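Working notes for the structure below.
Hydrogens, waters and symmetry mates play no part in the numbers below; they use all other heavy atoms, side chains included. Quick caveat: nothing in here was measured; it's all calculated off a predicted structure.
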Amino acid sequence: MKLIIVPSPIGNLADITYRAIKVLEEADLILAEDTRTSSVLLRHYNINKPITPYHQHNEHKIAQHLVEQLQAGKSMALLTDAGTPGVSDPGFLLVRECIRHGVPVECLPGATAFVPALVNSGIPMNRFIFEGFLPLKKGRHTLFTQLATEERAIVFYESPMRLVRTLEDLVQYFGPDRQCSVSRELTKMFEENKRGTLREVADYFKEKGVKGEIVVVVQGAE
């Protein structure tokens, strides 16, 4: 009886631990944010186990049922499309319910996008904050106003459709000369890390266009 959180590769399928593969091979049931995405990983490593969807649209409905199965003795592995479940992905609700009902929870170490983006940014990172995905409208102005004086490095995820707009907002609130780094398609064939001032990086992506998964790191205020 155990729920095991299993980080999955953020791009390169080789970025998975031997221990994670062993857990997936031994689990009674694999919970997947998108069964199609996770099936690619499972087929790559010849893992043939029952798999069921677990995502933000059904987690409130099925969490209690999953806890009951765990209490009955099943072991489950939780996967999201990429990275560590619970980090800007489904996972927190089920972990909380397991803890409430005395079901053991274990989280394996492994892939997550913001760590390599932070490490290769060249921005001081002895102290940092992680903001996940920024609000689209409500609370956006308030958050940017607060972050403008934040002295720690700031890390967040962004979609390619909104990256340029967000960089322009950061120029407005933080000033054009604040250093930043935008990491795109980490671990994949077309990985790119663009570093410079907010103004330089905003102009670069405005001209080039943006594709892929994005992590933004911004230097803290001096």
Side-chain angles (χ1 to χ4, degrees), residues 5 7 10-11 33 55-57 59-60 80-96 99 107 111-188 190-222:
I5 312 301
I10 60 174
E33 182 181 11
H55 47 71
Q56 63 178 342
H57 303 297
E59 59 180 344
H60 286 86
T80 48
D81 291 351
T84 301
V87 181
S88 295
D89 274 324
F92 162 74
L93 179 65
L94 183 57
V95 169
R96 184 180 65 183
I99 292 170
C107 182
T112 189
F114 77 83
V115 173
L118 180 61
V119 172
N120 74 33
S121 69
I123 289 171
M125 58 174 183
N126 56 314
R127 298 170 67 234
F128 67 91
I129 61 170
F130 174 65
E131 289 291 327
F133 285 97
L134 302 179
L136 301 182
K137 293 182 180 179
K138 186 178 180 181
R140 191 174 174 91
H141 166 75
T142 301
L143 179 62
F144 280 147
T145 301
Q146 292 173 344
L147 293 179
T149 57
E150 171 59 60
E151 297 180 354
R152 294 167 291 184
I154 304 161
V155 188
F156 59 90
Y157 295 152
E158 190 52 280
S159 79
M161 293 81 73
R162 293 190 296 268
L163 176 64
V164 172
R165 175 204 165 188
T166 293
L167 291 172
E168 292 290 355
D169 286 345
L170 291 172
V171 168
Q172 177 185 346
Y173 286 89
F174 292 15
D177 298 325
R178 188 84 69 92
Q179 291 293 312
C180 76
S181 175
V182 173
S183 295
R184 185 180 68 82
E185 293 290 82
L186 284 166
T187 79
K188 300 176 186 176
F190 299 106
E191 175 178 332
E192 178 181 27
N193 297 282
K194 179 61 180 176
R195 307 172 183 92
T197 66
L198 284 169
R199 179 75 275 156
E200 290 169 343
V201 176
D203 289 345
Y204 172 81
F205 283 109
K206 189 183 298 182
E207 179 179 346
K208 178 184 177 180
V210 192
K211 292 182 179 180
E213 303 297 321
I214 306 291
V215 186
V216 181
V217 182
V218 183
Q219 187 168 345
E222 295 184 357

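Inter-residue side-chain proximity for Phe156 and Leu147 is flagged as unmet; no heavy-atom pair is nearer than 4.5 Å. Contact of the Leu163 side chain with the Leu167 side chain is registered, since non-hydrogen atoms from C-beta on lie closer than 4.5 Å. A heavy-atom distance below 4.5 Å is not found between the side chains of Leu143 and Arg140.
The two residues Ile10 and Gly83 make their nearest non-hydrogen contact at CG2-N, 3.7 Å. Of all heavy-atom pairs spanning Ile214 and Ser159, the tightest one is CG1-C, 4.4 Å. Heavy-atom minimum distance, Ala117 versus Val215: CB-CG1, 3.5 Å. The two residues Val217 and Leu118 make their nearest non-hydrogen contact at CG1-CD1, 3.8 Å. Counting all heavy atoms, side chain and backbone alike, Leu186 lies closest to Ala113 at CD1-O, 3.4 Å. Considering every non-hydrogen atom in both Ser183 and Asn120, the closest pair reads OG-OD1, 3.7 Å.
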Identify each donor-acceptor pair in which a side-chain atom of residues 128-139 lies under 3.5 Å from a protein atom, sequence neighbours left out, and give them as a table.
none

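By the neighbour-count criterion of 12 heavy atoms within 6.0 Å, atom CD of Gln219 is densely surrounded, having more than that number from other residues, nucleotides or ligands.
Panel note: side chain Arg178, backbone Ala148; a donor-acceptor pair is recorded below 3.5 Å. Between the side chain of Thr84 and the backbone N or O of Ala111 there is at least one donor-acceptor pair closer than 3.5 Å.
Counting only residues at least two apart or in different chains, salt bridge (Lys or Arg N to Asp or Glu O under 4.0 Å) contacts with residues 192-202 comprise Glu168-Arg199, Arg184-Glu192, Glu192-Lys208, Arg199-Asp203. Within the structure, the salt bridge (Lys or Arg N to Asp or Glu O under 4.0 Å) test picks out the following pairs touching residues 153-166 (sequence neighbours left out): Glu158-Arg162, Arg165-Asp169.
Annotation: side chain to side chain contact (heavy atoms under 4.5 Å, CB included) contacts of Thr149 (sequence neighbours excluded): none. The side chain to side chain contact (heavy atoms under 4.5 Å, CB included) check on Glu33 picks up His55, Thr80, Asp81, Asp89, Pro90, with sequence neighbours excluded. Annotation: side chain to side chain contact (heavy atoms under 4.5 Å, CB included) contacts of Val95 (sequence neighbours excluded): Leu3, Ile5, Ile99, Val105.
The OH atom of Tyr173 sits 14.0 Å away from the CG atom of Leu198 when rounded to the nearest 0.5 Å. Considering CZ of Arg152 and CG of Asn126, their distance stands at 11.0 Å, rounded to 0.5 Å. Remark: Leu170 CG to Cys180 SG distance equals 8.0 Å, nearest 0.5 Å.
Ring geometry for Phe114 versus Tyr157: interplanar angle of 30 to 60°, hence tilted.
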